[in-house]
Student: 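Here you go, one structure.
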Amino acid sequence: MFLSFEQRVLKAFQSHIAARYGLEAGLALEQPKQPEFGELAVPVAFQLAKLLKQPPRKIAAELVSEIGPIEGVAAMEIAGAGYLNIRFDRAAYGGGLLREPAAPEPADEKIIVEHTNINPNKAAHIGHLRNTALGDTFVRMLRSRGHRVEVQNYIDNTGVQVADVVAGFHFLEKKQPEEVRALAAQPRFDYLCWDLYARTSAYYKDHPEAAAWRTETLHAIEAGEGVLAEMAHVVADAIVEAHLDTMLRLGVEYDVLPRESEILHLKFWEAAFELLKQRQAIHLESEGKNAGCWVMPAAAFSTSAESEDSKVIVRSNGTVTYVGKDIAYQLWKFGLLGKDFYYRPLRRYADGRRLWITTDQPAECPVRFGGGARVYNVIDARQSYLQDVVAAGLRALGYTGQAGRSVHFSYEMVALSPRCCVELGIELPEEDKKRPYVEVSGRKGLGVKADDLIDKLIDKALEEVEARHADRPAEERRAVASTIAIGALRYFLLKFTRNSVIAFDFQEALSFEGETGPYVQYAAVRARNIVRKLEERGETLPDFATELTPEAMGRQLQAEDFWQVLLAASKAGTAVERATIGGEPAHVAKYAFQLAQSFNNFYHQYHVLHEENREKKVFLLWMTEFFRAQLERTLEILGIAVPPYM
RNA sequence: GCGCCCGUAGCUCAGCCCGGAUAGAGCGUUUGCCUCCGGAGCAAAAGGUCAGAGGUUCGAAUCCUCUCGGGCGUACCA
């Protein structure tokens with residue numbers, strides 16, 4: 001609602017300025033910090049002052065007297081050195097909110113978002129949770145704005161990390177495939193692999209000769225034959241399921257899981273290699289340290305540095321690097337490879353949606369994936385160099401448009417605070433003790449496992465629920481606690497902007513007060529409670545559209561605090577739109593918190609059900625309903641559910 | 001060395017892209033608020049050389065340059 005008023009004002013100014021001064025002012029509207037300055041501030045007189053060489057106040061005065069009426073605007077006044085402060089027609093604004101909000105125009109083009117992308121060789125940890133929470137929330141943001149989104153979760157089931165765990169089972173533990181299969185059927189197989197991966201990595205460190213295990217395993221996986229390859233399948237498939245389960249606890253679902261094994265078997269790389277060679281995007285190095293490798297010159301992906309080395313795409317032994325495969329995958333995402341996967345269904349989600357996984361077995365597929373118009377890769381900032389190389393690959397092939405629409409949705413890592421390390425009983429080497437935080441390391445087994453954290457959050461939430469609702473059935477209390485725990489977790493992961501390093505701390509993550517998910521959930525629960533109580537009293541919700549006439553609306557909104565609160569609550573669309581353009585889920589989280597704060601204040605100040613004046617009571621009920629809807633809508637975008645009680 | 005990111009209240013962070021009106025929030029600290037829709041709440045106080053120095057500007061936390069701290073990259077690992 002706010003958005004459409006804002007746009008109307010913007011358009012009025014743009015066309016007036018173009019007609020009156022013949023200027024295309026790139027003007028931006030501001031929301032004044034002081035509520036008494038009105039709802040919108042137009043600083044355009046300052047810009048025009050420079051161009052026209054006239055004092056800003058004079059231009060502002062001209063604008064006010066000449067622009068004419070703008071629908072929905074009640075007043076326009078000059079303030080300060082030349083601000084134009086705009087006041088809305090409150091009754092018209094409130095009346096607009098009474099009607100159903102218009103759904104955003106559905107977009108035609110497909111957006112692909114790839115996130116999660118965890119090596120299927122161990123349990124997911126908090127770093128992975130940040131990736132998934134950001135990716136999933138961004139997907140929800142895009143969808144809420146009407147975009148068509150396909151969610152991909154890439155599975156590197158043939159890589160070094162899987163190989164290391166397989167090597168651990170085979171060489172270190174002397175396990176047979178059927179033994180591994182039996183273990184994989186047990187719960188928490190991902191935890192077992194977490195430990196084994198750390199043990200194997202440590203063993204490599206002390207026994208350099210064991211590096212041969214990795215090579216042998218990788219070759220076996222690539223050839224697809226023998227016990228090592230069989231074990232790799234067992235491990236990767238089981239861990240993928242574990243990750244899907246973990247992420248489902250957070251309400252995260254995917255459309256398709258493209259796997260590296262199919263990239264290999266269906267010769268995606270060979271197709272990409274041919275393209276890269278044809279267009280001379282890469283060349284065979286004949287001398288120097290990269291002799292015998294196919295490389296991409298640094299000039300292709302690095303802006304200014306001559307000191308940068310070329311990037312090896314194909315090793316001297318003929319195998320392709322990760323980046324090479326990623327270029328092939330990226331080409332497929334844009335539908336530029338001229339090849340496609342086959343798919344089979346992997347699971348069905350509660351809402352009936354199917355999750356598909358790639359296969360190399362030719363089959364009739366009722367679905368098609370890839371071929372997106374825009375691609376977001378949710379990958380941490382440490383991989384920005386590699387993402388630059390991937391985009392450079394597209395550019396070098398002549399796909400400059402696609403390279404521009406290939407977005408590295410980057411974020412900083414989750415690290416462990418020193419206090420957190422102490423709590424986990426991690427012994428830090430002396431040189432790490434004075435660092436501000438310690439990097440999570442799967443290889444070292446250093447980190448907080450996702451499921452452990454979720455369990456811990458549920459336990460804590462359950463204590464709180466039991467203290468308040470001892471009379472409720474245990475199963476129901478557990479469901480409520482779970483909803484609260486997930487709300488706390490998702491909010492915690494989203495409240496930081498993307499390029500802020502999170503130094504993970506249990507005390508902060510486990511907090512349910514202040515700027516947290518449960519605080520926002522609580523506000524929504526309170527709003528629902530009011531309506532529930534009303535019905536328990538034998539009353540029903542009034543028909544707002546007929547009772548709240550423009551006159552009544554105008555009268556009620558004369559009260560400054562009602563107006564301010566309604567205004568704040570009506571800005572959800574603006575907030576989400578801006579956050580989506582800026583690619584910043586944290587801004588949606590921040591808005592949700594402010595909305596909840598605003599409602600809690602309202603809730604405390606006005607006793608809706610006890611109001612005696614009919615018109616005011618109807619108005620207060622409408623405000624409550626409006627708040628509830630906005631809170632639920634915003635929480636939905638954050639992937640946070642509202643429990644029945646708290 | 002080079003590239004990217006960060007430095008704002010005791011702590012954790014918004015605000016910076018797009019310069020504007022007394023720099024915001026949460027936690028913590030201090031103090032109030034349950035005859036009232038459930039206090040996971042509300043109200044208030046204290047707390048800031050926006051790392052530092054130059055520059056651009058009528059105006060800089062915001063733009064530019066440099067310096068100082070810190071982090072991460074810069075693999076024939078992913």
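None of the values given here were measured: they were computed from a predicted structure. A note on names: the letters A, B, ... follow the listed sequences, proteins ahead of strands, and every chain is numbered from 1.
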Student: Take N1-N3 plus N6-O4 or O6-N4 for Watson-Crick, N1-O2 plus O6-N3 for G-U, both under 3.5 Å. Which runs of 3 or more such pairs involve RNA chain B?
Tutor: B:1-7 with B:68-74, B:10-13 with B:24-27, B:29-33 with B:41-45, B:51-55 with B:63-67
Student: Give the nucleotide from the list B:rC76, B:rA78, B:rC37 with an atom nearest to the side chain of A:Leu609.
Tutor: B:rC37
Student: State whether a side-chain donor-acceptor pair under 3.5 Å links A:Tyr645 with A:Glu476.
Tutor: yes
Student: On the nucleotide B:rC5, are OP1 or OP2 found under 4.0 Å from the side-chain N or O atoms that A:Ser410 carries?
Tutor: no
Student: Would a line drawn from the ring center of A:Phe496 to the ring center of A:Tyr411 be shorter than 6.0 Å?
Tutor: no
Student: Using a 4.0 Å heavy-atom cut-off, does A:Ile313 contact any base of the nucleic acid, only the sugar-phosphate backbone, or nothing at all?
Tutor: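 Contact class for A:Ile313: none.
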Student: Any idea how A:Trp194 and A:His125 line up, ring-wise: parallel (<30°), tilted (30 to 60°), or perpendicular (>60°)?
Tutor: perpendicular
Student: So which one's nearest nucleotide on RNA chain B is more toward 5', A:Val465 or A:Phe602?
Tutor: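 Closest to the 5' end, via its nearest nucleotide, is A:Phe602.
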Student: Considering only B:rC76, B:rC13, B:rC37, which nucleotide approaches the side chain of A:Ser500 most closely?
Tutor: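 Selected nucleotide: B:rC13.
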Student: Once you round it to whole Å, what is the distance between P of B:rA40 and CD of A:Gln521?
Tutor: 14 Å
Student: In a table with atom names and distances, give each donor-acceptor pair under 3.5 Å that connects a side chain of residues 584-591 of chain A to protein atoms at least two apart or in another chain.
Tutor:
unit_1	atom_1	unit_2	atom_2	d
A:Glu584	OE1	A:Arg498	N	3.2
A:Glu584	OE2	A:Arg498	N	3.4
A:Tyr591	OH	A:Ala568	O	3.0
A:Tyr591	OH	A:Ala569	O	3.3
A:Tyr591	OH	A:Ala572	N	3.0

Student: Do A:Arg532 and A:Asn529 have a side chain donor and acceptor closer than 3.5 Å?
Tutor: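 There is such a pair (donor and acceptor under 3.5 Å, judged by atom type) between the side chains of A:Arg532 and A:Asn529.
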Student: Closer than 4.0 Å, any side-chain N/O of A:Tyr322 to the OP1 or OP2 of B:rA78?
Tutor: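 Checking A:Tyr322 against B:rA78: no side-chain N or O falls below 4.0 Å of OP1 or OP2.
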Student: When you measure from the side-chain N and O atoms of A:Tyr645 to the phosphate of B:rA40, is any distance below 4.0 Å, counting only OP1 and OP2?
Tutor: no
Student: Using salt bridge (charged side-chain N to carboxylate O under 4.0 Å, His left out) as the criterion, list what pairs up with A:Glu6, not counting sequence neighbours.
Tutor: A:Arg578
Student: Report which part of the nucleic acid A:Lys311 touches: base, sugar-phosphate, or nothing (heavy-atom distance under 4.0 Å, all strands).
Tutor: sugar-phosphate
Student: What residues, two or more places apart in sequence or in another chain, satisfy salt bridge (charged side-chain N to carboxylate O under 4.0 Å, His left out) together with A:Glu612?
Tutor: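 Scan of A:Glu612 (salt bridge (charged side-chain N to carboxylate O under 4.0 Å, His left out), adjacent residues dropped) gives none.
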Student: If you look at every strand shown and take non-hydrogen atoms under 4.0 Å, does A:His607 touch a base, only sugar-phosphate, or nothing?
Tutor: base
Student: With the side chain of A:Phe593 defined as its heavy atoms from C-beta on, choose the nearest nucleotide among B:rA14, B:rG26, B:rC76.
Tutor: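 Of all the options, the side chain of A:Phe593 is nearest to B:rG26.
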Student: Any chance you could list the contact pattern along nucleotides 67-74 of chain B? Use B for base contacts, S for sugar-phosphate-only contacts and - for none, protein heavy atoms under 4.0 Å, 5' to 3'.
Tutor: ---SSSSS
Student: Ring centres under 6.0 Å, that's the criterion: do A:Tyr491 and A:Tyr519 meet it?
Tutor: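 They do not qualify: ring centres at least 6.0 Å apart.
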Student: Write down the distance between CZ (A:Arg419) and C1' (B:rG28), rounded to a whole number of angstrom.
Tutor: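 Checked: the CZ to C1' distance equals 11 Å.
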Student: What is the nucleic acid contact for A:Val389, judged by heavy atoms within less than 4.0 Å: base, sugar-phosphate only, or nothing?
Tutor: nothing
Student: Give the rounded distance in Å between these two atoms: CE of A:Met646 and P of B:rG41.
Tutor: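 From A:Met646 CE to B:rG41 P: 9 Å.
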Student: What does the list of N/O pairs under 3.5 Å between the protein and nucleotides 42-44 of chain B look like, with a distance for each?
Tutor:
unit_1	atom_1	unit_2	atom_2	d
B:rC42	OP1	A:Tyr519	OH	2.4
B:rC42	O2'	A:His604	ND1	2.8
B:rA43	OP1	A:Asn601	ND2	2.6

